[in-house]
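One is the number of the first residue; the rest follow in order along the sequence.
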Amino acid sequence: MPHYGRFCATVFICFALVANCLGREHSQRYTVQFQTPPGASSNATQAEQDAFLRYLENHGVNVTVRYRFNDIMNGMSIDLPDDSEAMRHLADAGNGTAAIEFRPSVFLSQTLQSCPYVRRYWPGKVYKRPRVQRMESHKFAGRPNLHAAHALTGVDRAKEERWSGRGIKIGILDTGIDYTHSALGGCFGPDCQVAYGYDLVGDSYDVEGKTTPDEDPIDTCDGHGTHVAGIIAANDTAKGFEGVAPGATLGAWRIFGCHGDTDDDIILMAAEMAVKAGMDIINLSVGGGVSAWEEDPLAVALSNIADRGVLVIVAQGNEGRDGLARTPSPAIGKNVVAVASFDNTVKFGHAFNVSQGAVEFGPFEYTTSNGKSKFPMNRTSLPFTAFLEPLDGVPKDRTFTRTTPKDTCGSIQQNLTDKVVLVRPGLCDFGYKAMQAQIAGAIGVVIDAGLAEEGFQVDLTKYPDIHIPVVSVHGTIANQLFKLSKANATILFSDQFIEVPTGGRPSIFSTWGPDPELHIKPDIAAVGGSIFSTYPVNLGAYMTMSGTSMATPYITGCLALFMEAKGQSQDRKSVASSLLNYAMPSASTSFDDFILESPAKQGAGLVQIFNAIHSTFSVNPSKIALNDTAFFIKNMSITIRNDDEVKKVFTLSHHPAAGILGYNLSETAVPVHRPQYVRSDARVIFHPERIAIGSHSTATVHLIFEQPKYPAKDSHLIYGGYIGVSDLKNNSVHIPYFGALGNQYDLPIFERDDSYPFIGDRNGMPLGKKPSFDFSRKQALYLYLRIGNPTSILKTELVASKGAGVIGVLPRIHEEWLARNDNSYEDFEYVYEWHGGYLKTGPDGSSTLHSVPPGEYHLRLSALRIFGNPNQESDWDVWKSPLFRVLG
């Protein structure tokens, strides 16, 4: 066995000569990856891990090992001590040096240079609890509608052939599963449907800050994991519905407590356990991660699993309103399958009809407010009218902006006695409008919520005296209602099945791709909008939810059907490719003309599992990334494999998709909320366009791509489409492609609008000219910035005001693999706190931490451009701060 310890014996001196420890942090968590690949000799991986721990012990670093990984990666998760503990340790050593500012990132950086068996490390990251749309309460859970999703995807036809996923083991990494639910087998353990699992966190995790693991992965307080499990494998005789693959065996690894979020190393450990338990497929309905790069630890580990033959299915995320290029980790993982969402065609919900004499219109869906009163749901006929005069000076045509002059929000003069009234949007609070309608005699209010992209719930918290029911409708519905609310109109409320206008098309909430390096993500789509499934028994047993969290288990179930039908001896990568091959691209939800939605939104399209099971030919690769203009890949080849018993003739075709303008770079570096759709088609030339291939043989077709000629300069257009391959029986395969017209390199990293970046106080207020800081009195400098586009390296240098140039780098403000910001509250900006320590590199390459002496300085903030070379000075986006003064 190699003796690793001798390779890294003197690193501690690199940071032992530092002045004051300023500020205090909690222990810091890191994931460390070692050189030996996962799945290698356990002795080799154990030796590297043990040598690293001996190295820490020899240098007096108090470390806590959280988890060790052998199957998903050769690595471990560790807690390193906080600053004050390290300071006390060195001060007690009596070596004559000042107390240090211990920085785990500096320590690990030096370890990386000195220990050859350490490959890389990552700071620990938090993953948010999945944010899905749920019905307002379990008391109104909806009605079964998976049958409608099954009709869209061919699952219904696969079930007719008795495929059920039998023999396939699926690991669900989520909030646990309520296995007591009769639709999920009613028990846990051997011979049960939920046969495997473990609770890694306990109910109180993220509240008390510590895990309380146990052997029971039951879900009783959230419901997300139980809902996911039902989509995959429910067999509900009481409600009369089935999941996609009710014959599959499930495992439940609980990674979320009852509240709050989870840590990336907990997800890693759950994946490790699932692999050891022999799962064929791992389902992770977690999107919206904090990295946009393949190099993120979770993306790396899950790709490793996929390389070893375990299919890994991950949610693309529900950040569709955050604009283009939002693919998160772990969806960005090279070999994981990232899943987008399509809307279901029907759902059971709140609705009303409007009647004019003998003619009835509707149903129209509405969203209830958080008020106490509700409309009668027995189709009682109620008088209906519209309030025609806005309270606040908003024109009758409903056009208004934030700059529209605001009149006093006065009372309603119109007589609304005993009527349900439709109210326009405006500048007055919706609750105020409802109160004024109530005073005018209304018995209920329907609020025009404008062009919100989903159900908008009116907040009546500030209006406890409102005792009439208040609901809201989408602006497009309101436009129809204003025309219908004439004399003698009546309105009738009920709960009923409603046709979804966007059914069978991409969900508006589904996160846009691509990633910064223009890999095709998402990979494929399934139905995830408005899905009725199982829920913890104590929370009502059923719930309707929407999200890529729901689309992900749908794909997982489809893969189980495919693997049962085709046999498990197939190469697992080809299994996923088969689903992509036979997916069906959809038209855009947002474009006026009938044009295909971009692959950046839907990937290969909506899964068609019956066609995939009965496929007689395949095409490889299953997706084509053309990169940007600078790195444009003009020539590509695809291989067609004929698996039929007879010779077949294939025809190739090109199906352009909508072009996407996702930036307004003249105003902001951050992509816009709602991308603009345009017609901008690439050109594809096939050599040959038609080809005959013998039985069980392959042939290659060469493709020549030409970028579209879009007239607007500097628009940074995402274009794309689908390559069709069809046989003479009209069996078709579609291969998605896309690229960027423009250069990723040219995208600005730093947002420079609204004063960003800036030095501010701890409350986020910019400081005045030449602010002063006394670090010896434990003051801190706060740096605020917005990242408009992802960067692989962010670094900060301390620069003297005169002469000396760069003095050192700030280890506190040095990060790798950063995702971009958006316009949400949680991800609006990055904030860094600096207490005066900087890192100086000596002639021998070693680094020491110092405390900045009094004087005047700048900070130079540098972010590496996409596809940039870190050794090329011009490849950095650079911002230099105004001058500031250090007093001590």
Side-chain angles (χ1 to χ4, degrees), residues 14-25 83 87 97-103 105-106 109 749-752 754-787 791 793-816 818 829-843 845-864 870 873-888:
C14 296
F15 53 88
L17 303 174
V18 183
N20 298 328
C21 174
L22 304 172
R24 184 181 186 280
E25 297 175 349
D83 300 342
M87 179 191 73
T97 63
I100 73 159
E101 182 183 16
F102 178 77
R103 295 290 174 229
S105 60
V106 178
S109 177
I749 305 300
F750 294 128
E751 171 68 278
R752 299 176 189 269
D754 295 331
S755 78
Y756 285 97
F758 66 88
I759 294 172
D761 63 19
R762 67 184 307 154
N763 298 316
M765 297 301 295
L767 297 177
K769 186 177 181 180
K770 198 184 291 187
S772 298
F773 303 92
D774 192 343
F775 297 123
S776 66
R777 300 179 62 183
K778 297 188 178 180
Q779 292 182 356
L781 180 153
Y782 294 89
L783 180 64
Y784 294 81
L785 63 143
R786 275 167 59 76
I787 301 295
T791 179
I793 305 174
L794 175 73
K795 65 180 181 180
T796 309
E797 298 163 308
L798 183 65
V799 180
S801 62
K802 297 179 181 179
V806 175
I807 296 174
V809 299
L810 277 57
R812 269 189 179 273
I813 314 178
H814 183 101
E815 292 205 56
E816 297 181 350
L818 265 69
E829 63 188 10
Y830 286 96
V831 183
Y832 295 95
E833 179 181 347
W834 181 51
H835 291 274
Y838 69 94
L839 193 64
K840 186 173 183 179
T841 302
S846 64
S847 300
T848 55
L849 274 170
H850 298 264
S851 183
V852 59
E856 295 185 347
Y857 303 92
H858 300 277
L859 295 182
R860 187 164 69 192
L861 190 64
S862 303
L864 187 64
E873 185 176 347
S874 60
D875 285 1
W876 295 83
D877 190 356
V878 179
W879 172 80
K880 188 177 181 180
S881 80
L883 204 63
F884 62 90
R885 181 181 294 114
V886 174
L887 303 178

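- Contact of the V806 side chain with the L798 side chain is not registered, since no non-hydrogen atoms from C-beta on lie closer than 4.5 Å.
- Side chains of Y838 and V809 form no contact here, defined as non-hydrogen atoms less than 4.5 Å apart.
- Listed by chain and number, the residues in a side chain to side chain donor-acceptor pair (under 3.5 Å) with Y830 amount to none (sequence neighbours excluded).
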CA sep, side-chain torsions, deciding dist, call: L861, L783, side chain to side chain contact (heavy atoms under 4.5 Å, CB included): CA-CA 10 Å; L861 190 64; L783 180 64; 4.1 Å; yes
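- The shortest heavy-atom contact between H835 and Q779 is ND1-O, 3.7 Å.
- A donor-acceptor pair under 3.5 Å is formed between the side chain of D877 and the backbone N or O of F750.
- T796 places a side-chain N or O within 3.5 Å of a backbone atom of I813 that can act as its donor or acceptor partner.
- Residues satisfying the salt bridge (Lys or Arg N to Asp or Glu O under 4.0 Å) test with E815, not counting sequence neighbours, are none.
- Between the side chain of D875 and the backbone N or O of P870 there is no donor-acceptor pair closer than 3.5 Å.
- Applying the salt bridge (charged side-chain N to carboxylate O under 4.0 Å, His left out) test to pairs two or more places apart or on separate chains, those with a residue in residues 793-805 are E797-R860.
- Put simply, the side chain of E751 never gets that close to the backbone of I787: no donor and acceptor are under 3.5 Å apart.
- When the side-chain contact (heavy atoms from CB on, under 4.5 Å) test is applied to E816, the partners found at least two apart in sequence or on another chain are H814.
- Between W876 and I793 the shortest side-chain heavy-atom distance falls below 4.5 Å.
- You'll find the ring centres of W834 and F775 inside the 6.0 Å limit.
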Pair up each side-chain donor or acceptor in residues 756-763 with any protein partner under 3.5 Å, not counting sequence neighbours, and list the distances.
residue, atom, partner, partner atom, Å
Y756, OH, E829, OE1, 2.5
D761, OD1, N763, N, 2.9
D761, OD1, G764, N, 3.1
D761, OD1, M765, N, 2.9

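- For the pair S862 (side chain) and V878 (backbone), a donor-acceptor distance under 3.5 Å is absent.
- In terms of heavy-atom proximity, S755 sits nearest to P766 at OG-CG, 4.3 Å.
- Here OG1 of T791 is found 5.5 Å from CG of L864. Values are rounded to the nearest 0.5 Å.
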Y832 vs L781, side chain to side chain contact (heavy atoms under 4.5 Å, CB included): CA-CA, chis, key distance, verdict: CA-CA 8 Å; Y832 295 95; L781 180 153; over 6 Å; no
Let me check something: any side-chain donor-acceptor pairs from residues 879-888 under 3.5 Å, sequence neighbours excluded? List them with distances.
residue, atom, partner, partner atom, Å
S881, OG, L859, N, 2.8
R885, NH1, S772, OG, 3.3
R885, NH2, E856, OE2, 3.3

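- Of all non-hydrogen atoms in S801 and H858, the two that sit nearest each other are CA-CD2, 4.2 Å.
- The minimum heavy-atom distance between A863 and I749, with the atom names listed, is CB-CG2, 3.4 Å.
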